[in-house]
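What you see is a predicted model, and the numbers here were worked out from it, not measured in a lab. Below, each value reflects all heavy atoms present in this structure, side chains not excepted, and no hydrogens, waters or symmetry copies. Letters A, B, ... mirror the listed sequences (proteins, then strands); counts begin at 1.
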Amino acid sequence: MITTRFAPSPTGYLHIGGLRTALFSWLWAKKNKGKFLLRIEDTDLSRNSDEAVEAILEAFNWVGMSYDGEAIFQSKRFDIYKKYIQQLLKEDKAYRCYMSREELDTLRAEQMARGERARYDGRYRDFKGTPPEGVNPVIRIKAPKDGYIRFNDGIKGEITIASSEVDDFIIARSDGTPTYNFVVAIDDALMGLTDIIRGDDHLYNTPKQIVVYRALGFKIPNFYHVAMINNEQGKKLSKRDGATDVMEYKKMGYLPEALLNFLVRLGWSHGDQEIFSIDELIELFDPKDINKSSSNYNLDKLLWLNSHYIKNMPNSKLATLLKEYGVDIENNSKLDLILNATKERGKTLVELVNQINLILKAPEEYDKKASKRAFRGEAKEILKRFIILLKSWDKPLDTPADYHRVLKKFVSDNNIGFGKIGQPLRVSLLGSMTGSGLDEIMAILGVDEVAKRVNRALISLKVN
RNA sequence: GACCCUUUCAUCUAGUGGCCAAGGAUAUUGCGUUUUCAUCGCAAAAACAAAGGUUCAAAUCCUUUAGGGGUCGCCA
C-alpha cells in the first residue's frame, strides 16, 4: 500500500507550488488506492496561526482534494519526539553540545572564509569532561563521519552526498523542543509513509533525515523531489509575481479543475495530452514522469484551460457557481439561452459575469466610438422600421432562430446589408459594438425589452 | 565561497543512439467562418545552451565551459 502526505507549515495561505506537490501526492495515493495524509508542521510555535490552517483546508476543499483520517499536528506530539531523543542519548547516538550561538557564528564565518562549506565541527561529539557552567545544551545527532549517504530519488535518480557534508545537526534546541529534520523523519516513519513527494528545496534535508531513520531503525521511504516553479523570468516565484495564493484563483474566476489541470502539466506530462479530467489523472499519473528541471509559471495556458472548462461545463452547474460571483440566474427560464450566448466569451467566471450583465442590464451609457460609427446616415430610420416589423411579427418569437428570421426578412425587404441594422441595433441593446450574437440577445430580452432599449437609444443618441 | 540539482521553440512539454533536416499545446502573426467581438477551422514563424569527444549514426552517452535553481539556521 502506498501512503503519501502533504506537510505544510501553517504560516500563511496555501501557495500554488504547495498545491502542486500536494496534488502529485494526492494523485499518487489515489492511483494506488492508498492513503493521503495531512500533517501540520507547527513546531515553531511563534510563527504559526490557526487561520493559516483554516486557509489551507479551505483551499483543499475548493479544489476538491481531501485527506484520509485526521490531520496530525506536530505541536501535539512533543512527548513522542522527546521519547526518541532520550532513546538516542541513551544509545549514545546523540549527545549534548555546549557551544554557544556566538561560538557557532564565529565557526561558520571562519569556515566560509576558508572556502569550506559551513558546518558543525563535532567538538562535543565525544566530550567526556565537565560541561561549561550556565549553558543549556542543544542535542545533536551523530551523523556518519566517512563515506557517502546515497538514496535513489524517484525523479532525479541516484543522489550521492558525502557524509562530510552532513554535520551532527541539532535535533533538540536548548529549550528542549525538537527540530524540523528530526520530527519530520519520525512522523513520516510513524505515519507509515511509503512515498514522499516534496519540493526539491528539501533535497539537502533528505540525507539528514536518513541519518535519523537509520539511528532509529526506521524503514527509509521512497523520495521524489519535484523541481520548483519559477516566475516567467525564471526566478523564484514570489508574492511580487502576482497570485501565489490558491484562493486568489477562485476570486479571479478560475475553475478548480482548470487550475489543477494547469498545475499538473507544470512539470508532469503524458505524451501530447493537454486536457485531463481528475479521473484520468488518477489513472495516468506516475511520479516517474515528472520532469527533473524547474518550470516557469505562465498564466496564458491556465486562461486557455479555464475557458475550455467553462465552455464544457453543464449550464446548470455553471449557474450555481456564478451565484458566488454576483449573478443569480439559477431559476431564470432562459438560463440555457443566456449561458450559451456568453460562455464562449468569458475566459474566467468574472468575465462571464460581465458578459451576462452586459445583456441583462440595460446599457447606462453608450460607447462613444461605437455609437458614432453605428449611428450614421439613416440608422435611426432603419431602427424604427425594424421595431415596427418586430412588433407586428405574427409568428412565435422565442428562439434565436425566430429572431434571425425577422432580421433576415428585414434586410431583404429593405435591401440593405446586415451591418446596416446590426450595428445600430447592437449599440442600442448593449451600448457597445462587441458581444454576443444579436439573435441570442434578442431571444433573451424579448420583444418588449428590445423595443424599450431601442427607443431609449433613439432618444439619447444623435445621428451624425 | 563550498556542495547538490538542472539546461529542447517566448512558455509548458514529447523525445532514453537510427523512426527527428525534432512532434504537440499555449501565446504570437496571417487567412477563412461570423452583422460585431469571441469561439471555431486552416496556415506561418519559432528550440536540442556552447565546445570538444565516443560511434557507421547523438537532442539522446562522456568531458569541459556557461546559464538557472537550491542548500550551507537552536526556520520549516
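Between the side chains of A:Tyr224 and A:Asp195, at least one donor N or O sits under 3.5 Å from an acceptor N or O. Side chains of A:Tyr95 and A:Asp168: a donor on one and an acceptor on the other come within 3.5 Å.
Between A:Ser294 and the phosphate of B:G69, there is no side-chain N or O to OP1/OP2 separation shorter than 4.0 Å. Look at A:Lys408 and you won't find any side-chain N or O under 4.0 angstrom from OP1 or OP2 of B:U35. In this structure, A:Lys292 reaches the B:U6 phosphate: one of its side-chain N or O atoms is under 4.0 Å from OP1 or OP2. Distances shown here put every side-chain N or O of A:Arg150 at or beyond 4.0 Å from the OP1 or OP2 atom of B:C4. Between A:Arg173 and B:C75 there is a side-chain polar atom (N or O) within less than 4.0 angstrom of OP1 or OP2. For B:A14, one of the phosphate oxygens OP1 or OP2 lies less than 4.0 angstrom from a side-chain nitrogen or oxygen of A:Asn291. For B:U26, the OP1/OP2 oxygens have no side-chain nitrogen or oxygen of A:Asn298 closer than 4.0 Å. Contact annotation: A:Arg108 reaches the phosphate of B:C74 (side-chain N/O to OP1 or OP2, under 4.0 Å).
Aromatic pair A:Tyr309/A:Phe262: centroids not less than 6.0 angstrom apart. Ring centroids of A:Phe6 and A:Phe60 are separated by less than 6.0 Å, placing the two rings close together. Within the 6.0 Å centre-distance limit, the rings of A:Trp268 and A:Phe276 are counted as a close aromatic pair. Not less than 6.0 angstrom separates the ring centroid of A:Phe169 from the ring centroid of A:Tyr120.
A:Asn205 contributes a side-chain N or O that forms a donor-acceptor pair with the base of B:A76 under 3.5 Å. In the interface, the side chain of A:Lys301 is paired with the base of B:C12 through a donor and an acceptor atom under 3.5 Å apart. For A:Arg345 against B:C37, a side-chain N or O and a base N or O form a donor-acceptor pair under 3.5 Å. Residue side chain A:Gln111 does not reach the base of B:G1 through any donor-acceptor N/O pair under 3.5 Å, judged by distance alone. Between the side chain of A:Arg265 and the base of B:U13, no donor-acceptor pair of N or O atoms lies under 3.5 Å. Between the base of B:C12 and the side chain of A:Ser295 there is no donor-acceptor pair shorter than 3.5 Å.
Along RNA chain B, the nucleotide closest to A:Ile161 and the one closest to A:Leu438 are compared, and the more 5′ of them pairs with A:Ile161. Remark on RNA chain B: of its neighbouring residues A:Met433 and A:Leu104, the 5'-side contact belongs to A:Met433, judged by nearest-heavy-atom nucleotide.
In this structure, A:Tyr249 and A:Tyr254 have tilted ring planes: the angle between them lies in the 30° to 60° band.
Taking atom C1' on both nucleotides, B:A22 is separated from B:C48 by 8 Å, rounded to a whole Å. Comparing the P positions of B:A46 and B:U63 gives a spacing of 34 Å, expressed to the nearest Å.
The minimum heavy-atom distance linking A:Pro10 with A:Ile40 is given by the pair CG-CG2, 3.5 Å.
The partner of B:G52 is B:C62, judged by Watson-Crick or G-U wobble contacts that both fall below 3.5 Å. Base pairing annotation: B:C3 forms a Watson-Crick or G-U wobble pair with B:G70, both donor-acceptor distances under 3.5 Å.
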Report all interatomic pairs (protein N or O, nucleotide N or O of nucleotides 40-51 of chain B) with separations under 3.5 Å.
{"residue": "B:C40", "atom": "OP1", "partner": "A:Lys311", "partner atom": "NZ", "Å": "3.1"}

Heteroatom pairs (N/O) under 3.5 angstrom, protein to nucleotides 18-23 of chain B:
{"residue": "B:G23", "atom": "N2", "partner": "A:Asp272", "partner atom": "OD1", "Å": "2.8"}

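Side chain of A:Lys334 to backbone of A:Ile444: a donor-acceptor contact under 3.5 angstrom is found.
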